[in-house]
Amino acid sequence: RCNVHLASVREDTQLQLTIIPDLNSAEKIAEEYITSKVSELINRTHIDMSLYHTLVDKLRGFTGNFIWVDITLDMVI
């Protein structure tokens, strides 16, 4: 969500932008990314599903930092 409005201060006109992060949406996106990437790994390597659940649980700590998810999964292969 963001809020944009024009404000006039004396002779200068200013554009003010306020960004309010929706952390619930960011966490949901990260969760979907993690499960998608782990699913790809499982399908590609045919690793046991118990590893799938372990990886997803561990990678949830990297929420919002997708590069660490990719690096970790590259190391697992």
Side-chain angles (χ1 to χ4, degrees):
R1 290 181 319 194
C2 69
N3 181 15
V4 178
H5 69 277
L6 287 174
S8 181
V9 179
R10 296 186 185 158
E11 296 176 10
D12 296 330
T13 301
Q14 299 175 349
L15 177 64
Q16 296 178 346
L17 174 65
T18 303
I19 299 175
I20 302 168
D22 185 356
L23 297 179
N24 289 332
S25 293
E27 288 177 3
K28 183 179 178 187
I29 291 168
E31 179 76 23
E32 290 172 0
Y33 182 80
I34 290 167
T35 55
S36 172
K37 296 303 269 184
V38 173
S39 292
E40 287 177 17
L41 174 69
I42 297 297
N43 290 334
R44 196 171 55 236
T45 60
H46 304 290
I47 296 174
D48 187 75
M49 282 304 289
S50 65
L51 181 59
Y52 169 86
H53 296 293
T54 301
L55 285 170
V56 169
D57 288 341
K58 297 293 182 186
L59 291 172
R60 282 188 181 131
F62 296 143
T63 300
N65 198 340
F66 301 111
I67 187 106
W68 287 112
V69 172
D70 291 337
I71 290 170
T72 301
L73 292 177
D74 285 345
M75 292 173 52
V76 170
I77 297 177

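Under the 4.0 Å criterion applied to side-chain N and carboxylate O atoms, Glu40 and Lys37 are assigned as salt-bridge partners.
Looking only at side-chain heavy atoms (C-beta outward), Ile29 and Phe66 come within less than 4.5 Å of each other. Side chains of Leu51 and Leu41 form no contact here, defined as non-hydrogen atoms less than 4.5 Å apart. When side chains are defined from C-beta on, Met75 does not count as touching Thr72, because their heavy atoms never get closer than 4.5 Å.
Atom CG of residue Leu55 and atom OG of residue Ser50 lie 9.5 Å apart, to the nearest 0.5 angstrom.
Minimum interatomic distance between Asp48 and Ile42 (heavy atoms only, all atoms of both residues): O-CD1, 4.0 Å. Heavy-atom minimum distance, Leu59 versus Val38: CD1-CG2, 3.7 Å.
Asn43 and Tyr52 share no side-chain donor-acceptor pair at under 3.5 Å.
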